[in-house]
Structures are given as structure tokens and as C-alpha cells.
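To start, the structure itself, in C-alpha cells.
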Amino acid sequence: MQVTVYTKPGCSICDTALRLVGKLTARYDLQVTEVNILDDPLAYEKYKERIPVIEVTDVQVGQLSAPITELVMHSYFMAARRVMSRGSAGGKRRFWPFVRTGNPPK
């Protein structure tokens, strides 16, 4: 499963998210790409207030953004795995599971 993690240097919650992704890499067969948003102006504009952001790029299952817990990350990767196992007749498979994308509403 291809995963992109958007981060920036000096971000402690980004470091924590990367450690969690690393911990789950073998279990979910993750191929991880880290993108430093300071090196990518478009990513910076899109994610500057939301990092870290984790996105499975094999299928469209939304994104995870801070705060990210291990439990939420497990749910996200399991949902992506289910979608991938269903197959598709071409193009990206789409499914929007429950995904925590930032702070819950108050």
C-alpha cells in the first residue's frame, strides 16, 4: 500500500506520526513516502495548518491529519486494505470510510 506522509522539520507530532507509520509498515505492507511541505510550495499551502497528514495513494479513502492516534491509523489502513481487496474495473477505487481528519466538532 502506497502512503504519503506530509511533514515538516521540527514538528514533534510529525515525528510521532512517522514512528506510528513505521510501527505499522510491516503489518500493512506500507511503502512510505515522506514529503517535507517546506520543499513543496503546493503541499505547503494545502497542509501548513494540518500537518502531519497521512494519505493512502493507492485508493481514495480520505486523509488523516493531526491529531493522529495509533487506533485511528489502524482503522484507516484497514479501510484502505478492504477497498483494495475488492478490486476495481480501472482507475482508482473510491471509498470514503470514517476517517478522522483533524479535531472533532465541538
Side-chain angles (χ1 to χ4, degrees):
M1 183 180 323
Q2 299 292 322
V3 175
T4 301
V5 182
Y6 296 92
T7 66
K8 72 176 182 180
C11 171
S12 63
I13 59 175
C14 296
D15 295 339
T16 300
L18 285 168
R19 277 194 298 280
L20 287 174
V21 168
K23 184 176 177 181
L24 301 177
T25 294
R27 181 174 186 173
Y28 294 100
D29 191 24
L30 305 177
Q31 303 299 315
V32 181
T33 301
E34 181 181 359
V35 175
N36 176 350
I37 65 168
L38 300 180
D39 294 337
D40 183 334
L42 293 175
Y44 179 79
E45 286 304 315
K46 189 172 182 179
Y47 300 120
K48 64 185 173 187
E49 302 296 326
R50 297 179 47 210
I51 62 164
V53 173
I54 299 172
E55 179 177 36
V56 171
T57 58
D58 294 328
V59 292
Q60 294 179 2
V61 290
Q63 300 173 328
L64 295 180
S65 60
I68 300 170
T69 66
E70 187 172 349
L71 180 60
V72 169
M73 199 177 292
H74 272 290
S75 297
Y76 179 65
F77 292 145
M78 287 172 52
R81 183 187 279 170
R82 282 192 304 273
V83 173
M84 291 174 71
S85 70
R86 291 183 188 150
S88 175
K92 279 191 174 183
R93 291 154 281 190
R94 298 179 65 102
F95 180 73
W96 299 98
F98 166 74
V99 176
R100 184 173 179 172
T101 57
N103 294 324
K106 294 180 182 179

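Taking each heavy atom of Met1 and Ala80 in turn, the nearest pair found is SD-CB, 3.8 Å. Considering all non-hydrogen atoms of both residues, Arg81 and Arg27 come closest at NH2-O, 2.7 Å.
Of the possible donor and acceptor atoms, none in the side chain of Tyr6 sits under 3.5 Å from a partner among the backbone N and O of Glu55.
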Compile the donor-acceptor pairs under 3.5 Å between side chains in residues 32-40 and protein atoms, sequence neighbours left out, one pair per line.
{"from": "Glu34", "atom 1": "OE2", "to": "Thr7", "atom 2": "OG1", "distance (Å)": "2.7"}
{"from": "Asn36", "atom 1": "OD1", "to": "Leu38", "atom 2": "N", "distance (Å)": "2.8"}
{"from": "Asp40", "atom 1": "OD1", "to": "Leu42", "atom 2": "N", "distance (Å)": "3.1"}
{"from": "Asp40", "atom 1": "OD1", "to": "Ala43", "atom 2": "N", "distance (Å)": "3.1"}

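Surrounding NZ of Lys48 are more than 12 heavy atoms belonging to other residues, nucleotides or ligands, all under 6.0 Å away.
In this structure, CG on Leu20 lies 10.5 Å from OG1 on Thr25, to the nearest 0.5 angstrom. The structure places CG of Leu24 at 13.0 Å from CZ of Arg19, a figure rounded to the nearest 0.5 Å. Note that the NZ atom of Lys8 and the OH atom of Tyr47 stand 15.5 Å from one another [nearest 0.5 Å]. Rounding to the nearest 0.5 Å gives a distance of 8.5 Å between OG1 of Thr69 and CG of Leu64. Of the inter-residue distances, the one linking Leu30 atom CG with Asp58 atom CG reads 9.5 Å to the nearest 0.5 angstrom.
Applying the salt bridge (charged side-chain N to carboxylate O under 4.0 Å, His left out) rule to pairs touching residues 61-72 yields Lys23-Glu70, sequence neighbours excluded. Among pairs with a residue in residues 7-38, those fulfilling ring-ring contact (aromatic ring centres under 6.0 Å, His included) read Tyr28-His74, Tyr28-Phe77, at least two apart in sequence or across chains.
Donor-acceptor pairing under 3.5 Å is lacking for the side chains of Arg82 and Ser85.
Taking the side chain as every heavy atom from C-beta outward, Ile13 and Pro67 never approach each other to under 4.5 Å.
Residues Met73 and Met84 share a hydrophobic cluster, clusters being chains of Ile/Leu/Val/Met/Phe/Trp/Tyr side chains in contact below 4.5 Å.
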